[in-house]
Amino acid sequence: MRRPVIAGNWKMYKTQAETRAFFAALKPQVAGSTHCDIVVAPPYTALAAAVEAVRGSAISIAAQDVHWEKEGAFTGEVSTKMLVEAGCRGVIIGHSERRQYFGETDEAVHKKLKAALEADLVPIVCVGETLKEREAGQTETVLNRQFRGGFSTLTGAEFSRIIIAYEPVWAIGTGRTATPEMAAEAHRFLRQLAAAGFTPERAAGLRILYGGSVKPDNIKGLMAQVEIDGALVGGASLDAQSFASIVNF
Ligand code: 13P
């Protein structure tokens, strides 16, 4: 039985003060929510405030990105050690916005993933096709390429510690969600890749989240699919009330 994960990706939203206000409102609404892992990924500058705010609750804090080197002359970057010290338990890697706007490659994703695993951070690695790729019938080719580029050299033990988020780029921030069936189909394909690349047991244990316009009114349908193990939520994770209703699907 795979334990569901509901994760919020705040992207470039919320100051420290807004972060404190968010968790003050969220905590009572999810205090009894023991059915899933709850993760929130604020921007770097709000990490410490978030970690402080969730102390004593079941909510864990993740970063939205990380650099693969331990330290060095890499202006603007942050290392795994810095995230661990700040109190992060996980990190999002390879989000499509990083791939699209900041030129992140499968190779970079792979290096970040290795660094995160080495630091004992739980990686949430994003994959997903663009609209052009889907319309050209290339969804599986793209997922296959991202899977191989990102994960193929992991050991089985390492692979069993990662979470994959399937985020079709055309569904992100567009209000256009993949239907539960479309998402489940992509998840099934990813699980097949996991079975072929690792073992059927590891594939069966792999948690695959769906991301792309997840809202309180569509989470139930998505979670009804056995292939969907949770959600990576953007816009709807910014409001405590709406994120709580997604957590409590
Ligand atoms: P939206 O939920 O705003 O579509 O964003 C999804 C996403 O990119 C989560 O990482």
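Indexing begins at 1, ligand by ligand and atom by atom, following the structure's order. Keep in mind it's a predicted model, so treat the numbers as computed, not measured. Heavy atoms only: backbone and side chains are in, while hydrogens, waters and symmetry mates are out. When a residue number appears, it is its place in the shown sequence, counting from 1.
- Polar contact check, T174 against ligand 1: no nitrogen or oxygen pair lies under 3.5 Å apart.
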Test side chain to side chain contact (heavy atoms under 4.5 Å, CB included) applied to V125 and F151, step by step: CA-CA 10 Å; V125 193; F151 314 127; 3.7 Å; yes
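- In this structure, the side chains of D229 and V5 stay at 4.5 Å or more apart for every pair of heavy atoms.
- Summary of contacts: the protein heavy atom closest to atom 5 (O) of ligand 1 is K11 NZ, 3.2 Å.
- Using a 4.5 Å heavy-atom cutoff, the side chains of R98 and I92 are not in contact.
- Closest to atom 9 (C) of ligand 1, if we only count protein heavy atoms, is E167 OE2, 2.9 Å.
- If you number the atoms of ligand 1 from 1 as listed, the ones under 4.0 Å from a heavy atom of L232 come out as 9 (C), 10 (O).
- When each atom of ligand 1 is checked for a heavy atom of S213 under 4.0 Å away, the hits are 1 (P), 2 (O), 4 (O).
- Under the 4.0 Å criterion applied to side-chain N and carboxylate O atoms, E227 and R188 are not assigned as salt-bridge partners.
- Within the 4.5 Å cutoff, side-chain heavy atoms of K114 are placed close to those of L154.
- Taking V30 as the reference, L26, S33, I38, I59, A244, V247, N248 meet the side chain to side chain contact (heavy atoms under 4.5 Å, CB included) condition, with sequence neighbours excluded.
- Of all the heavy atoms of A171, the ones lying under 4.0 Å from any atom of ligand 1 belong exclusively to the backbone.
- Considering backbone and side-chain N/O atoms, A236 never comes within less than 3.5 Å of an N/O atom of ligand 1.
- Geometrically, ligand 1 and E97 share no nitrogen or oxygen pair separated by less than 3.5 Å.
- With hydrogens left out, the protein atom closest to atom 2 (O) of ligand 1 is G234 N, 2.9 Å, a heavy atom.
- The residue from R145, K112, K111 that alone fulfils the salt bridge (charged side-chain N to carboxylate O under 4.0 Å, His left out) condition with D106 is R145.
- Polar contact check, N9 against ligand 1: a nitrogen or oxygen pair lies under 3.5 Å apart.
- Atom numbering of ligand 1 starts at 1 in the shown order; those under 4.0 Å from a heavy atom of G212 are 4 (O), 6 (C).
- Among all protein heavy atoms, the one lying closest to atom 4 (O) of ligand 1 is G173 N, 2.6 Å.
- Using a 4.5 Å cut-off on side-chain heavy atoms (C-beta onward), D37 and R207 make contact.
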side-chain hydrogen bond (donor to acceptor under 3.5 Å, both in side chains) evaluation trace for H95 with Q64: CA-CA 8 Å; H95 191 280; Q64 297 174 16; over 6 Å; no
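- Looking only at protein heavy atoms, the nearest one to atom 3 (O) of ligand 1 is G235 N, 2.8 Å.
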